[in-house]
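One structure is given here, and the rest of the page talks about it.
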Amino acid sequence: MARLRFQISMSLDGFIAGPNQSEENPLGEGGTQLHEWVIGLAAWREPHGREGGEVNASTKVVEESLENIGATVMGRNMFGGRGPWGDDPWEGWWGDDPPFHTPVFVVTHHAREPAPKEGGTTFNFVTDGIESALEQARAAAGGKDVALGGGANIAQQYLKAGLIDEMQIHVVPVLLGDGARLFDNLGGAEVGLECIRTVEAPGVTHLTYRVVK
């Protein structure tokens, strides 16, 4: 069965976004610091339609994270917006040519028709829970792995349900002090993690965990 793989950048004090997230500031105050290590990499810039970039110890980590992905699941906050969609629904953060290039399944409380984009990305909106979203993603992935995007709430739901197979946490040496913390709201769930790889790189340490079930 296709694995569910989750990766996220996290501050040293455990936050994956800063406080006061908004449409104008989706990563919260100070949250952009968590992604500075990757934005300058050629391996990240190319899938996002940008030229240039550097190569360092993070390059292989990023390249491997993009391999064998057949579909993506994400929460509503990662797609963008809150509440009912309205008559003229917002198209989200990702523009006309999102970097996924696979089907994406957005877990939401509000139904909406699929939103096809350029480059092979289609956003599908799932209203009947995380298990249904994962089942649909695995069917669409055609035997490849499924990537789990953010935000914190959806990651916590999948972790609590024991559905994540692998977690890759990019630990950035900054202290945000407040915001969205990755390992909150697990409700006493027993989550076993086995570290299977550590990679040190400029501005970040990459930790890969197998989730023990």
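Linking Ile, Leu, Val, Met, Phe, Trp and Tyr residues whenever their side-chain heavy atoms come within less than 4.5 Å places V211 and L163 in a single cluster. Transitive grouping of hydrophobic side chains (ILVMFWY, heavy atoms separated by less than 4.5 Å) brings I154 and L134 into a common cluster. Put simply, Y158 and F6 are part of the same group of oily side chains (I, L, V, M, F, W, Y) that touch within less than 4.5 Å, one to the next.
Taken to the nearest 0.5 Å, the CD1 atom of I196 stands 9.0 Å off from the CD atom of Q168. Here the CD1-CG distance, from I164 to L148, works out to 5.0 Å after rounding to the nearest 0.5 Å. Interatomic distance, OG of S9 versus CD of E36, reported as 10.5 Å (0.5 Å rounding). To the nearest 0.5 Å, the span separating OG1 on T208 from CD1 on I169 amounts to 9.0 Å.
Judged by distance alone, with hydrogens and angles left aside, the side-chain atoms of W94 form a donor-acceptor pair with the main-chain N or O of M78 at under 3.5 Å. A donor-acceptor contact shorter than 3.5 Å links the side chain of R76 to the backbone of G83. The backbone N or O of L27 sits nowhere less than 3.5 Å from a side-chain atom of Q21 that would complete a donor-acceptor pair. D178 contributes no side-chain N or O that, together with a main-chain N or O of L176, makes up a donor-acceptor pair within less than 3.5 Å. Looking only at distances, a side-chain donor or acceptor of R181 sits under 3.5 Å from a matching main-chain atom of D13.
Counting non-hydrogen atoms of other residues, nucleotides and ligands closer than 6.0 Å to CD of E64 gives a total above 12. Taking a 6.0 Å sphere around CD of E200, one finds it holds 12 or fewer heavy atoms contributed by other residues, nucleotides or ligands. Atom CD of E135 is surrounded by 12 or fewer heavy atoms from other residues, nucleotides or ligands within 6.0 Å.
Of all heavy-atom pairs between H206 and A201, the closest is NE2-CB, 3.9 Å. Across all their heavy atoms, S58 and V204 have their closest contact at OG-CG1, 3.6 Å.
Side-chain atoms of V62 and V38, non-hydrogen and from C-beta on, do get closer than 4.5 Å to each other. Between P103 and T72, every side-chain heavy-atom pair lies at or beyond the 4.5 Å cut-off. Side-chain contact check for R210 versus E166: every heavy-atom pair is 4.5 Å or farther apart.
Because its NZ or CZ atom is not both nearer than 6.0 Å to the ring centre of W90 and within 45° of the ring axis, R112 does not count as a cation-pi partner of that residue.
A side-chain donor-acceptor contact under 3.5 Å links Q136 and S132.
Within the 6.0 Å centre-distance limit, the rings of F123 and F79 are counted as a close aromatic pair.
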Stepwise salt bridge (Lys or Arg N to Asp or Glu O under 4.0 Å) check, K213 with D165: CA-CA 9 Å; K213 301 181 180 180; D165 298 294; 2.8 Å; yes

side-chain contact (heavy atoms from CB on, under 4.5 Å) between R50 and W44, worked out: CA-CA 9 Å; R50 304 182 186 184; W44 181 88; 3.6 Å; yes

